[in-house]
Amino acid sequence: MSNHTDTVTHPVHRDDVGAKMGMWLFLFTEVLLFGGMFLVYAVYRYQYPDQFHIAAMELNTTMGTLNTIILLTSSLTVALSIAALQKGNKFLSLCFLSLTLLFALMFMVIKYFEWTTKISHGIYPGSPELLTKPNGQILFFGLYYIMTGLHGLHVLVGMVVISFMIVFIARDKVTSDNYVKLENSGLYWHLVDLIWIFLFPLFYLIQ
Amino acid sequence: MANEIAVKNFYNQSTNKHTGILSWLLTKDHKRIGLMYMMAIMTFFVVGMLIGILMRLELIAPGRTIMSAQTYNSLFTLHGVIMIFLFIIPGLPAIFGNFFLPIQIGAEDVAFPRLNLLSWYVYIVGAILVIVSLFLPGGPIDTGWTFYIPYSVRSSTNISLALFAAFVLGFSSILTGINFITTVHRLRAPGMGFFKMPLFVWATYATAWIQVIATPVIAITILLVIIERAFGVGIFDPALGGDPILFQHLFWIYSHPAVYIMILPAMGVVSEIIPTFSRRTIFGYKQIAYSSLAIAFIGYLVWAHHMFSSGMSDTARWIFSLLTFIVALPSGVKIFNWVATMYKGSIDPKPPFLWVMNFIFLFSIGGLTGLVLGSLATDIHLTDTYFVVAHFHYVMFGGTGTIFFAALHYWFPKMFGRMYNMKFARIAVVLYFIGFNMLYFPKFIMGYMGMPRRYYDYLPQFESLQRISTFGSWILVGTIFFIFGYLFHALRKGKKATSNPWGGVTLEWHIPSPPPLENFEKIPTITHEPYDFSQLKEMKDE
């Protein structure tokens, strides 16, 4: 029967509200993914409050604060980029998106230095140094690596998504009257930002 | 079929310019994707079934019969992983949901056709990873499908890869869920309010929500176990301050709602078949619709009934026990409404209806024995025995598995445009019933007598019951191959099906069999209630 296959071209079906609804549902699953981790954190924080307090002092609050500011600013730039595109200013939109990408990169570089410093001090899962510490601190650092690591992975994914958006806008695939892809990418980026806003106090500010 | 090209249908119309296999592999048509799921899922069902029959063969006599204890451990793990993650979770929503959800709400396709194709590929990748994990050095997994800590961290078999496969399959499940929710919200035909949707759509919609809400929790749990295996962080290791019971909580927070992912679409199919063959509108439409949502919601709060003997406070145990009893209520509402629909109906006992009768009987046994396990005192006696295995197979195989066959027999003419042999189908229902009960009912008795599950060997007093069970497995598997046989024959040689062979009134029966690519010539406007059989006459005039 395949010899006589007809090709039917669907009229291009476009539903921006539907696309955004799908994105919100996806973000919901992301919140639940991290929700599982926050649950584990809550259980162990409740079990070892003092040791979490002591372990948190080892984290570098300055670096953490810097990263918070960077990520919050990047959320602003991505929002400005959408606004610029809506107003038809393609160049400005591209500028703001590139700026977002730059901030994301800065965040990852700072994260890299934080992690390598910790690792050079012998604090990483399973290290002999860490195993001499009490259980609560072992768990604190375990959770620190898992949760910031998972968040970092999301930042990387976000960077890939934003890079695609830059290409799409440059090639006029995403334009001032068809920008739902950019809006959805922005939503994703805000979520990455939002999760960090919870991670930051839970790890850095509980001293 | 070369002479029959005149009638356009989705087999000879394509969404892309390719022909042959590529026109399927790159298709965006929900019906073709549904059939691709069907091919893959039924293949894995047969694999899982063959593993099951090998296990039963091993248990025909005490001691070693055909395999080593380690092989047996791997087989029951694989049987569980394949049947749960590759067959029963995607089974109804991905095949029949994909095919019929858009048609039943009067849509051309799902909201995100490309994403739909992607979820099929993600499913296939996950399935391949499961297969690969069998053959890599390290050997097939042997923890049981529940992957309980600490053994899943210590076992030297390919646990990490198999877990990653489950993670990937979860992704496919989430994408399908997102797609269906958006489809139901955005693509209903004009006039189709939420309370004019067929109940299969309601059930699939509730299922999609559970897929979206529960699956991420198993995803993170799986990641944590993989991280534990790779880095030894200590989250679940008491020596480092972790808590192995926490794994069980996280695991069941997903895996209990997952059983509702498995059963809800089946209940939706039942709510379709019973009105069609009783020629009567469904009794208590809204109650059935709401009870789907109630099951989806309460089903969330009962997970710890899997852990009554794992170590929990007494308060937690009785609360979870109470909630478990409460979740039986919406299921009861459905059963009573189905039976009330048949009352004074003009019943036409065609094969799909007989399959549903099979379901009501088997599922009721499964449901009632669930209450035995849900109450604390009896559960302590029966935990980890064959009783649990029997209960689980009665609800999952007797419930969802039976409805899988019911749906297949109900929608087969619509999907393939052919009729199967009614007499064979009736014989199959009876044989299935006999084989099923012979296979699983003795397990209730053995479990009550204290036979633990997952054991390779057993005491002499269980021998006769084990043997009956093994004989039953041969009848059941024989029947299933018989079903595949006559359905396959019908595909090629069956009589052509009319557009409405059963006299159904939901939208799929208004369009030709098999449906054209775009389902409807023009998007219909809905004026009738979903099960209003007074339309039958005007449908004949169409």
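None of these values were measured; they are calculated from a predicted model. Each chain gets a letter, A, B and so on, in the order the sequences are listed, and its residues count up from 1. Worth knowing before you read on, the calculation uses all heavy atoms, side chains too, and leaves out hydrogens, waters and symmetry mates.
With rounding to the nearest 0.5 angstrom, the OG1 atom of B:T182 is 12.0 Å from the CE atom of A:M23. Separating the CG atom in A:L25 from the CH2 atom in B:W209 is a distance of 5.0 Å, to the nearest 0.5 Å. Here B:I174 contributes atom CD1 and A:E30 contributes atom CD; the two are 8.5 Å apart, rounded to the nearest 0.5 Å. We find the OG1-CD1 distance between A:T29 and B:I213 to be 10.5 Å, quoted to the nearest 0.5 Å. One distance of note links OG1 of B:T221 with CE of A:M37; it measures 9.5 Å at 0.5 Å rounding.
If you measure heavy-atom distances from B:L250 to chain A, the contacts under 4.5 Å come from the side chain alone. Of the atoms belonging to A:F26, heavy atoms from both backbone and side chain fall under 4.5 Å from chain B. With a 4.5 Å cut-off on non-hydrogen atoms, B:A239 touches chain A through its backbone but not through its side chain. Proximity to chain A (any heavy atom under 4.5 Å) is shown, for B:I235, by both the backbone and the side chain. If you measure heavy-atom distances from B:L115 to chain A, you find no contacts under 4.5 Å at all. Using a 4.5 Å cut-off between heavy atoms, B:D243 contacts chain A through both its backbone and its side chain. Proximity to chain A (any heavy atom under 4.5 Å) is shown, for B:I178, by both the backbone and the side chain. Proximity to chain B (any heavy atom under 4.5 Å) is restricted, for A:Y48, to the side chain, taken from C-beta onward. Heavy atoms of B:P238 lying under 4.5 Å from chain A belong exclusively to its backbone. Heavy atoms of B:L187 lying under 4.5 Å from chain A belong exclusively to its side chain. Interface remark: A:I146 contributes side-chain atoms only to the contact with chain B (heavy atom separation under 4.5 Å). When heavy atoms are compared at a cutoff of 4.5 Å, B:I218 does not approach chain A at all. For a residue to count as touching a neighbouring chain, one of its non-hydrogen atoms must lie under 4.5 Å from one of that chain's; by this rule A:L130 does not touch chain B. For chain A, the nearby parts of B:F231 are the backbone and the side chain; heavy atoms of each come within less than 4.5 Å.
No more than 12 heavy atoms of other residues, nucleotides or ligands lie within 6.0 Å of CZ in B:F297, so this atom counts as exposed by the packing criterion. For A:K133, the NZ atom counts as densely surrounded, since its 6.0 Å shell holds more than 12 non-hydrogen atoms of other residues, nucleotides or ligands.
Minimum interatomic distance between B:L224 and A:V40 (heavy atoms only, all atoms of both residues): CD1-CG2, 4.2 Å.
The side-chain heavy atoms of A:L32 and B:V212, taken from C-beta on, include no pair separated by under 4.5 Å.
Of the listed residues (B:A219, B:G232, B:G242), the one with the most heavy-atom contacts under 4.5 Å to chain A is B:G242. With chain B as the partner, the residue from A:W24, A:Y145, A:F28 showing the most heavy-atom pairs under 4.5 Å is A:F28.
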